[in-house]
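First the proteins, then the strands, lettered A, B, ... as listed; each starts at 1. Note: hydrogens, waters and symmetry copies are ignored here, and every other heavy atom, side chains too, is used.
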2 protein chains.
Amino acid sequence: MIKRTKGVTISQVADAAGVARSSVSRAFTRPDMLSPETVERILRAAETLGYVPNHTARALSTGRHGNIGLIVPDIANPFFPPLIQAAQTEADRSDFCIFLGNTAENPKQEDKLVGRFAGQVEGLVLASSRLSDERIRAHATQLPLVLINRDIEGIPRVLIDSSAGVRQAVEHLANLGHRKIAYVSGPAASWSNKQRRSAIRAGATARGMELSIIPTPSPTYQAGREAVDAVLQTGASAVVAFDDLTAQGILTGLAERHIVVPRDFSIIGCDDVLGAVTFPALTSVSNHSVDVGRIAISMLLDILRSRNVADVRYALDTKLVVRDTTADAPSQGLQLG
Amino acid sequence: MIKRTKGVTISQVADAAGVARSSVSRAFTRPDMLSPETVERILRAAETLGYVPNHTARALSTGRHGNIGLIVPDIANPFFPPLIQAAQTEADRSDFCIFLGNTAENPKQEDKLVGRFAGQVEGLVLASSRLSDERIRAHATQLPLVLINRDIEGIPRVLIDSSAGVRQAVEHLANLGHRKIAYVSGPAASWSNKQRRSAIRAGATARGMELSIIPTPSPTYQAGREAVDAVLQTGASAVVAFDDLTAQGILTGLAERHIVVPRDFSIIGCDDVLGAVTFPALTSVSNHSVDVGRIAISMLLDILRSRNVADVRYALDTKLVVRDTTADAPSQGLQLG
DNA sequence: GATTTCCATGCAACCGGTTGCATGTCAAGT
DNA sequence: ACTTGACATGCAACCGGTTGCATGGAAATC
């Protein structure tokens, strides 16, 4: 059985070193204020006693706890882990810890998490928030906020601007001879979804293509798989999916119906996080998701340091990466069955 | 531009309600100690002022911050997100927040994270730790610890006992006529890896099969893909991979060499987190990874509540799920080409 | 009516640090 | 030798809550 040691306080170190508590504090936070010998003596005493500064106490008196929160709608969506990892690495560089929150695509849960985090983080990054603009604005009055993939004026934000990539995707399909296409959409509350949908609509209109929109409840493998019937009913020969996970589900749904991709049907994802991992390798709209996480955190840290909030809007570009799920439109239409 | 409101303190509420600070505190923490009217009046005042208790201050005086840490080696490995999500949900039920740490498979980083978390969490869950037993024991003296997939006596742990499932996997391959198999192993510091390796060794010996072990630097898609040459050189006709991600990489590596699975080669993963998502659908050793997350957290919360640490060892069973990546051994050996 | 009991509330110390200001010391400046 | 200043350190208040103990008034008991 393991027994626990309890914390050594600053007072004990002070006694051991024969100095005041404040000197011990300074030995750790502003050693230049003390004579080198004193610092040395204090550090030695601290070392001997196994002193570790109490984070909570420090946070209380300074108001800075060195934590930032990151809230995502679904950790299991492969778009997020690399982003989270990058965020963590960036935070780490400045000795910040990350609180991670998963909302399960649920605005209620998101609201609750923000509230719970608010007290113990210096700032918050909301990735792909499903909250209303009003709620987000309200939260922003409580603590520094940075948004990912959400465009609200006055709140610093990092956006993946899919329009260029999606436009390329539509062009690509048009060049392959596809005339009827479908967009399998993402969550209604998703800014990315709105943006991708309008980009594809604009592209389709420009090329005189017929476009159908298929709704899904959430961007998941399962939702993609279940959307396949609806997609096929539109008579489309190609589909653009809200994200790679959905696209992967569609891929499976098509395989289950013995529809061969890309011979019989073309498919394009978004985010390019599964690209090489699916079979066939997925053509997808690529977007430096890793950068997004890093940039959002570094932006937040800047705000925390400078204490003033500029209205930053950081948009990252996207481009189509062609792999093996797109090909010429089948000449005499799709043979169902 | 959004301006920030600053915190309302307990004193302001006390003044507004015409009571002492202690009464305000009690109105929130032990309302039964106060008369209902007083409670009512205080709550109304708090509501009006928009008072929210300061988490940090409370943590300082009570020593309980309602946070627990969860450290994983690689968020991007699909084994972890469901586990993390389950952990979060379970923590949430008891109003605890989760600190997430990602070590990138790096023991140094893991050590650092534990240290940084130690001050601000009540307890810690280490999933698939890559630390040495000594380090883990040392940390356990500092704060309550629960381990996932690490078997150290005296420290509460939740284990996925792969031996049954792996044994079934070997049986399955044996029954399909495979005589030479390979195990593509995971990280050297991984307990699961050791366990799986011995299980497969035992199984192979029992059935008189020839077994080769292929090392990999880390359990990733890329590592699996790069292990394929080594696997093929062993002359094996089937492989068991340390986890599904590695298996998926192997699947791709085989496809790149025009080796058709399962006709020419059989493959089995572990964890069963990608099962239905790969092509062909992966045969895998299934293990309720979601339960693991939930159980670990609930165990930790029990410890925090009871303040005494029992030596719990919770082992979860596994079983083989057969899908489409295993079939009869090719009769005249594999045609390399 | 006096005494005891109980309950609601206030007082003040405490959690473990940080920090503005005061103090004391010693060397440099004149 | 006396002032001045720089520098090292200590004192004490403060961050925003919690909690053991004291107090005072009302209800219960005799």
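- Judged purely by atom type and a 3.5 angstrom limit, A:E90 has no side-chain atom pairing as donor or acceptor with the backbone of A:G293.
- Rounded to whole Å, the distance from CD1 on B:I10 to C1' on D:dG16 is 7 Å.
- Looking at heavy-atom distances under 4.0 Å, B:T9 makes contact with sugar-phosphate atoms alone, never a base.
- For the OP1/OP2 pair of D:dG10 and a distance below 4.0 Å, the side-chain nitrogens and oxygens of A:S23 include at least one atom meeting the criterion.
- Distance CD1 (B:I42) to C1' (D:dG17): 14 Å, rounded to an integer number of Å.
- In this structure, A:L60 and B:G18 both approach DNA chain C, and ranking their closest nucleotides by distance from the 5' end singles out B:G18.
- For the pair B:D15 CG and D:dG17 P, the computed distance is 13 Å after rounding to whole Å.
- Here A:V24 lies out of heavy-atom contact (under 4.0 Å) with every strand.
- Taking atom CZ of residue B:R58 and atom C1' of nucleotide D:dT19, one finds them 13 Å apart after rounding to whole Å.
- Computed from coordinates, the A:Q120 CD to D:dG16 C1' distance equals 15 Å when rounded to whole Å.
- Where B:A20 and A:T56 meet DNA chain C, the nucleotide closest to each residue was compared, and B:A20 sits on the side nearer the 5' end.
- A:T38 places no side-chain N or O within donor-acceptor distance of the main-chain N or O of A:L34, the cut-off being under 3.5 Å.
- A donor-acceptor contact closer than 3.5 angstrom is absent between the side chains of B:Q120 and B:N67.
- Of the side-chain N and O atoms in B:S61, none sit less than 4.0 angstrom from OP1 or OP2 of D:dG17.
- Backbone-only contact: A:T38 has heavy atoms under 4.0 Å from sugar-phosphate atoms and none from a base.
- Contact annotation for B:F28: no contact, since no heavy-atom pair falls under 4.0 Å across all strands.
- Taking atom CZ of B:R21 as the reference point, atom P of D:dC14 lies 11 Å away to the nearest angstrom.
- Residues B:A127 and B:P73 approach most closely at O-CD, 3.3 Å, considering heavy atoms.
- Backbone-only engagement by A:V8 is indicated by non-hydrogen atom pairs under 4.0 Å involving sugar-phosphate atoms exclusively.
- The pair B:R130-B:E110 fails the salt-bridge criterion, with no side-chain N (NZ, NE, NH1 or NH2) lying under 4.0 Å from an Asp/Glu carboxylate O.
- Comparing A:S22 and A:M33, the nucleotide of DNA chain D nearest to each residue sits closer to the 5' end for A:M33.
- Residue B:T29 is in sugar-phosphate contact alone, with no base atom involved, counting any heavy-atom pair closer than 4.0 Å across all strands shown.
- The distance between atom CG of A:N54 and atom C1' of C:dC15, rounded to the nearest whole Å, is 8 Å.
- When rounded to the nearest whole Å, the span between CZ of B:R26 and P of D:dG20 equals 9 Å.
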